[in-house]
Enquirer: 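One structure is given below, represented as structure tokens, and several questions about it will come after.
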Amino acid sequence: MIQPIHLILDVCVYPLFSQVTSGAFAGLSKLRFLHILVSSSWGGVNVTLEPGVFQGLSSLEELTLAGMSLALAPPALLDPLVGVRRLRVDRAGVRDLGELFCLLSPGMENLETLELPGSMVSSIQNGGCSGSNPWPTVVLSRIRILDLSGNPVRRVEPKSLAVFQNLSSLSLSMVDVWLGQLWGSGMGRVNKLYLSSYASRQFSPSLSDLCTLVVKHGVESLDLHLILITSFTAEDMKRCGPGLRQLSVTSEDLSGMDLRFWTGTGQIQGLVMVLTKLTNASFCSAGGGRVWNLTSLILHDNYLTEITTDQFSCMPLLERLDLSRNHISSLAHRALQGMPFLRVLDLTHNKISLLGKDDFEGLPALEVLLLEGNKISGGIAHGVFRRQHRLQDLSLGEIDIIYQLYLNMLFLGFPTKLQHLLIDTGPGTYLTVGHVPAPEVPMVLELRGKMIQSSDCDNNMFPMVRELKVGEGTKFDCSNDFLAPYFLNLESFEFSANPEKFATPYTTINQLRKLKRLKLTNLNFSNHTDPSVTFRNLTELRSLVLINCRLNFLTRSMFTDLVSLRVLRLYSESPLILLEGVFIPLLSLSTLVFDQVDFRCDCSNGWLLDWADNSRKTQVVLLQRQQCIWHYQRLNFLSTMERLCQTEDDFLSYVSTTAAVCTLLCLALGYRFLRWPCVVLFFRLRGWVERRVGKRWWRRKRRMGGQWEELIEVEEGEEKEEEEVRYDAFVSFSSRDEAWVLGEMAPMLEEEGEPRLRLCLHHRDFEVGKGIVDNIAENIYCSRRTVCVLTRRYLRSDWCGLEMRVATHRLLSEHSHRLILIFLEHISPFELSAFHRLAKLARTRTYLDWPQDEDERVTFWERLRRNIAERDTDELVREGHHLSCCSHESNLFLSEV
């Protein structure tokens with residue numbers, strides 16, 4: 001079996017209790033990545049990890065535990081994880097950071113990243129571990145990334161972070177903490193420091209204190225998130241020194257910011273100001289002609305409305321400028337001048353409506369230009385991108401009210417290194433590529449809009465397109481023909497149509513012989529396209545996704561040529577029938593995904609269940625979630641098919657298996673609880689049969705008449721009278737009480753005193769070779785009395801229980817037989833209650849207790865001898881009558897006590 005190297009367990013936990021048991025991941029010695037994600041409305045407090053749960057995971061490199069409380073975790077929980085490099089614990093439910101540090105094993109010397117976000121840590125102390133044990137300092141000193149974000153830290157004790165002397169990254173969320181606690185914590189150098197407020201406006205340090213922290217710990221990158229800064233001036237920034245290289249600020253209020261703040265330290269190379277409600281970014285004009293060696297400026301999600309002339313001209317080294325998600329409506333003349341090294345410009349999701357001829361003239365090094373999300377209705381000037389010869393990625397916003405778009409005129413040529421081109425035509429346009437040189441590299445082309453028509457699809461650009469994406473509802477025609485024949489070198493094709501508006505045959509997809517990935521959405525195969533022809537010749541196709549393509553049937557002929565297909569995903573809102581053997585041509589299929597398929601509740605789909613169970617090379621995903629249509633109702637596909645299409649053999653197998661299991665259970669329960677009652681019942685029935693057969697034989701003999709019958713009757717009566725009473729008492733006792741019976745009872749009653757009694761003792765008087773049950777029944781019925789020597793061992797003996805049942809039967813049937821109970825030891829009424837017939841006898845009849853005082857034992861033996869020897873009136877009368885006791889009546893007794 002192939003062992004996984006990456007395992008994700010997403011568990012939904014009930015509020016009562018849940019745990020991960022010891023050895024849960026046994027046998028996964030090659031596992032490298034393990035993520036256990038517990039989702040519960042009760043948090044992680046009800047989820048526990050047993051000791052040894054990670055035993056055998058010596059190769060694990062990354063472990064994530066989310067939603068599990070580690071407050072009561074066993075101390076040696078992480079000991080087996082000697083190879084872990086990254087450990088992330090979310091929502092651990094601890095108050096002191098030291099509790100989590102103490103869980104780290106001294107053997108985890110490879111640990112480099114420790115992330116503890118959202119674990120409710122409120123204090124960082126250095127109190128050590130339980131039992132006066134110190135923190136695992138060797139392990140902690142090797143950590144380079146420590147993430148404590150999302151924790152309401154209120155207290156940092158002195159020297160509590162002294163073990164961390166060379167962190168590359170530290171993330172902290174704080175609540176009203178004076179930053180002096182941090183530089184007094186003893187931690188060493190920190191390259192990147194991320195500070196955030198646990199909640200909005202709960203942390204408001206001064207910029208001067210932040211700069212002091214930067215200098216003391218050698219911080220090169222400072223990230224401030226949701227922190228309220230009231231003063232942001234050049235004087236404050238001077239205290240940060242020359243070491244600060246990156247500054248990121250996310251704040252709801254930067255009203256106190258002076259646009260000249262950057263002049264206080266000219267060494268900042270990257271500036272991020274996001275969600276700061278910034279309305280003016282005139283840093284250069286505020287700097288008074290100073291040059292800022294900034295390489296990256298990110299100002300997205302602010303309130304900027306325009307870009308003024310030479311607004312960024314003081315940043316000659318700028319390489320990336322992100323102004324997305326603002327309210328910029330226009331670019332002033334020469335607005336983007338002075339940035340000769342700018343490579344990435346992001347203007348997405350603004351309000352730019354016009355692209356002028358000189359808007360990008362000063363950006364000769366531009367490689368990525370993103371204009372998506374702008375509704376360009378004022379036009380695009382010819383030659384607007386004429387200077388962008390290095391352009392690799394271009395996305396044009398929604399082109400509105402532009403009925404003719406000439407790509408070659410936008411560039412006055414064509415950038416030969418262009419790798420990605422996105423065109424959003426809005427309501428629609430005529431696209432003309434024109435005479436352009438062939439790109440030097442393969443391209444990705446994305447087309448969006450309601451309608452795109454082109455009359456020059458035989459151009460130099462389309463054959464270089466390797467990946468084509470046609471957006472939802474977009475109609476792209478080449479001279480009223482489907483586009484596929486013009487993109488013969490495609491390797492990936494995503495096409496989403498609108499079948500209600502456009503009727504286009506798509507069979508020419510079979511000409512894309514180099515295709516490896518195909519995704520078709522909302523095609524109408526039922527009316528305009530033959531699916532058995534569409535997928536021919538696609539021998540290199542590896543992934544096929546069909547989403548709501550109006551397919552009523554999937555047949556084997558559709559997939560005949562898809563010998564390399566590995567992944568097939570199906571989504572259908574209309575009922576779908578898979579004909580038997582449809583997947584046989586797919587020799588390389590490894591994954592079949594049913595995202596949503598409404599099958600028909602028809603046994604013609606039943607073969608799919610057998611195929612999914614028996615296929616070893618194909619993994620069928622999400623089949624258990626699918627539904628089928630039955631009498632206008634949606635039912636679960638698997639359960640419905642099992643009910644409708646169950647064969648006779650399946651039913652017989654089910655019935656026979658059920659019957660066999662029930663029989664075994666009944667036999668086991670019967671042997672455990674009904675063994676002896678059944679034995680009793682058997683002998684009772686046998687006696688009844690013998691008596692019935694004996695009576696018939698007797699009648700036949702009487703019909704023979706005469707003196708012969710009388711002679712036989714006299715002789716049998718004499719013999720039975722002799723056999724009727726063999727013993728004065730049958731003694732029922734446990735083998736473990738044999739010493740008392742043989743050493744005390746038998747000598748006292750048989751050898752001493754008058755009258756001398758004859759006792760029936762099983763080891764002495766049972767007939768050799770006869771069954772034990774026959775011996776018991778016969779000897780009890782041939783004894784005047786039955787004496788039961790009761791102890792706790794007697795109550796636990798099955799044979800003693802049988803003897804008690806036989807004696808009780810005789811007692812109830814004859815009313816003359818006397819049952820004498822001797823309690824050799826004290827047994828409480830509660831212990832006797834489990835043996836209801838014996839308990840009833842003890843309540844209604846006089847019994848004897850074996851006395852502990854030797855003086856009282858003389859009286860005990862006299863009473864016992866008298867009770868055995870004396871005869872009842874009924875018994876004297878019955879001696880004159882003929883009784884069949886030893887042979888027939890010995891088998892007549894009750895079947896239960």
Side-chain angles (χ1 to χ4, degrees), residues 324-325 344-350 352 355 366-376 380 384-385 388 391-400 402 404-408 410-411 414-434 436 438-454 456-457 459-478 482-498 502 504 506 509 512 514-523 543 545 547:
S324 61
R325 300 187 183 278
V344 179
L345 176 59
D346 189 349
L347 295 171
T348 57
H349 299 286
N350 278 283
I352 299 174
L355 298 180
L366 198 63
E367 297 177 358
V368 178
L369 176 58
L370 306 177
L371 296 169
E372 183 182 355
N374 293 279
K375 193 170 184 178
I376 303 175
I380 303 177
V384 62
F385 306 125
Q388 281 67 56
L391 201 61
Q392 300 178 16
D393 189 346
L394 173 63
S395 65
L396 290 176
E398 182 180 340
I399 302 173
D400 192 17
I402 299 178
Q404 191 78 29
L405 181 63
Y406 297 91
L407 284 182
N408 61 332
L410 298 181
F411 301 97
F414 198 81
T416 57
K417 298 183 182 298
L418 190 65
Q419 300 177 13
H420 179 264
L421 175 61
L422 185 151
I423 301 175
D424 188 348
T425 63
T429 189
Y430 288 92
L431 176 64
T432 301
V433 176
V436 297
E440 298 177 357
V441 294
M443 284 185 59
V444 177
L445 177 61
E446 291 188 57
L447 301 174
R448 302 176 186 173
K450 295 182 179 180
M451 180 179 292
I452 302 176
Q453 291 186 348
S454 178
D456 69 337
C457 290
N459 54 66
N460 293 327
M461 185 182 79
F462 286 178
M464 291 300 296
V465 175
R466 296 294 185 269
E467 183 175 346
L468 177 60
K469 299 179 181 179
V470 180
E472 182 177 357
T474 300
K475 178 179 171 57
F476 181 26
D477 289 339
C478 290
F482 188 60
L483 56 88
Y486 302 96
F487 295 86
L488 296 180
N489 294 317
L490 276 183
E491 296 180 358
S492 177
F493 184 27
E494 295 184 16
F495 184 75
S496 179
N498 190 339
F502 310 109
T504 304
Y506 310 111
I509 291 178
L512 304 177
K514 298 181 180 180
L515 205 59
K516 296 180 180 179
R517 180 177 178 271
L518 177 60
K519 180 180 180 181
L520 302 177
T521 305
N522 288 331
L523 271 67
S543 175
V545 181
I547 300 177

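Here the structure is a predicted model, which means the values were calculated and not measured.
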Enquirer: Which pair of non-hydrogen atoms, one from M464 and one from P439, has the smallest distance, and what is that distance?
Expert: CE-O, 3.4 Å
Enquirer: Just so I know, are the side chains of S395 and L370 near enough to count as touching, which here means a heavy-atom distance under 4.5 Å?
Expert: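 Yes - at least one pair of side-chain heavy atoms lies under 4.5 Å apart.
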Enquirer: Do F385 and L394 come close enough that some side-chain heavy atom pair is under 4.5 Å?
Expert: yes
Enquirer: Side chains of T432 and Q404: do they bring a donor and an acceptor to under 3.5 Å?
Expert: yes
Enquirer: How far does OG1 of T416 sit from CG of N460, to the nearest 0.5 angstrom?
Expert: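 Reported value, rounded in 0.5 Å steps: 12.5 Å.
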Enquirer: Can you tell me if N374 uses its side chain to pair, donor with acceptor, with the backbone of L347 under 3.5 Å?
Expert: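 Flag set: sc N374 to bb L347 pair under 3.5 Å.
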Enquirer: Under a 4.5 Å cut-off applied to non-hydrogen side-chain atoms, are P463 and N489 in contact?
Expert: yes
Enquirer: Quick one: OG1 on T425 to CZ on R448, what's the gap to the nearest 0.5 Å?
Expert: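 It comes to 11.0 Å.
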Enquirer: In chain order, what residues pass the side-chain contact (heavy atoms from CB on, under 4.5 Å) check against Q419, with sequence neighbours excluded?
Expert: Q392, V441
Enquirer: Could you go through the side chain to side chain contact (heavy atoms under 4.5 Å, CB included) check for I380 and L410 one step at a time?
Expert: CA-CA 8 Å; I380 303 177; L410 298 181; 3.4 Å; yes
Enquirer: Would you call E467 and R517 a salt bridge, taking side-chain N to carboxylate O under 4.0 Å as the test?
Expert: no
Enquirer: Minimum heavy-atom separation for I547 and K519, please, with both atom names.
Expert: CD1-CE, 3.7 Å
Enquirer: Looking at F462 and C457, what are the two nearest heavy atoms and their distance?
Expert: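 Looks like CD1-O, 3.4 Å.
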Enquirer: Taking it one step at a time, do E472 and K450 satisfy salt bridge (Lys or Arg N to Asp or Glu O under 4.0 Å)?
Expert: CA-CA 9 Å; E472 182 177 357; K450 295 182 179 180; over 6 Å; no
Enquirer: Taking all heavy atoms of V368 and all of L391, pick out the closest pair and write down the distance.
Expert: N-CD1, 4.2 Å
Enquirer: What's the verdict on side chain to side chain contact (heavy atoms under 4.5 Å, CB included) for I509 and L520, showing C-alpha distance, side-chain angles and the deciding distance?
Expert: CA-CA 11 Å; I509 291 178; L520 302 177; 4.0 Å; yes
Enquirer: Less than 4.5 Å apart, side chain to side chain, heavy atoms only: is that true for I376 and D400?
Expert: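 No, their side chains stay 4.5 Å or more apart.
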Enquirer: Taking the side chain as C-beta and beyond, is there a heavy-atom pair between I423 and I399 under 4.5 Å?
Expert: yes
Enquirer: Could you tell me if the side chain of L422 sits less than 4.5 Å from the side chain of D393, heavy atoms only?
Expert: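 Heavy-atom side-chain distance check fails, nothing below 4.5 Å.
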Enquirer: Do H420 and E446 have side-chain N/O donor and acceptor atoms under 3.5 Å apart?
Expert: yes
Enquirer: Taking ring pair (Phe, Tyr, Trp, His ring centres under 6.0 Å) as the definition, give me every residue that meets it alongside F495, ordered by chain and number, with sequence neighbours left out.
Expert: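 In terms of ring pair (Phe, Tyr, Trp, His ring centres under 6.0 Å), with neighbours along the sequence ignored, F495 is linked to F482, F493, Y506.
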Enquirer: Going by the rule side-chain contact (heavy atoms from CB on, under 4.5 Å), which residues pair with N408 if we only count those two or more places apart in sequence or in a different chain?
Expert: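 Once residues adjacent in sequence are excluded, the partners of N408 under the side-chain contact (heavy atoms from CB on, under 4.5 Å) criterion are Y406, V436.
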Enquirer: For P442, check side-chain contact (heavy atoms from CB on, under 4.5 Å) against everything at least two apart and list the hits.
Expert: R466
Enquirer: For the CG atom of D346 and the OG atom of S324, what is their distance to the nearest 0.5 Å?
Expert: 4.5 Å
Enquirer: Taking side chain as C-beta onward, heavy atoms only, is M461 less than 4.5 Å from F414?
Expert: yes
Enquirer: So, using salt bridge (Lys or Arg N to Asp or Glu O under 4.0 Å) as the criterion, who are the partners of E440 when residues are at least two apart?
Expert: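 Here the qualifying residues are K417.
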Enquirer: Starting from the C-alpha separation in whole Å, work towards a yes-or-no answer on side chain to side chain contact (heavy atoms under 4.5 Å, CB included) for D424 and L396.
Expert: CA-CA 6 Å; D424 188 348; L396 290 176; over 6 Å; no
Enquirer: Given L371 and L355, is the side chain to side chain contact (heavy atoms under 4.5 Å, CB included) satisfied, shown in steps?
Expert: CA-CA 10 Å; L371 296 169; L355 298 180; 3.8 Å; yes
Enquirer: Restricting to non-hydrogen atoms, name the atom on Q388 and the atom on P415 that form the minimum distance, rounded to 0.1 Å.
Expert: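 In this case the closest contact between Q388 and P415 is O-CB, 3.9 Å.
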Enquirer: Determine whether S454 and D456 satisfy the following criterion, side chain to side chain donor-acceptor pair (under 3.5 Å), listing intermediate values before the conclusion.
Expert: CA-CA 6 Å; S454 178; D456 69 337; 3.1 Å; yes
Enquirer: If you take all heavy atoms of L515 and S492, which pair is closest and at what distance?
Expert: CD1-N, 3.8 Å
Enquirer: Just jot down the side-chain contact (heavy atoms from CB on, under 4.5 Å) partners of V465, sequence neighbours excluded, or say none.
Expert: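 Residues passing side-chain contact (heavy atoms from CB on, under 4.5 Å) with V465: M443, L445, L468, F487, L490.
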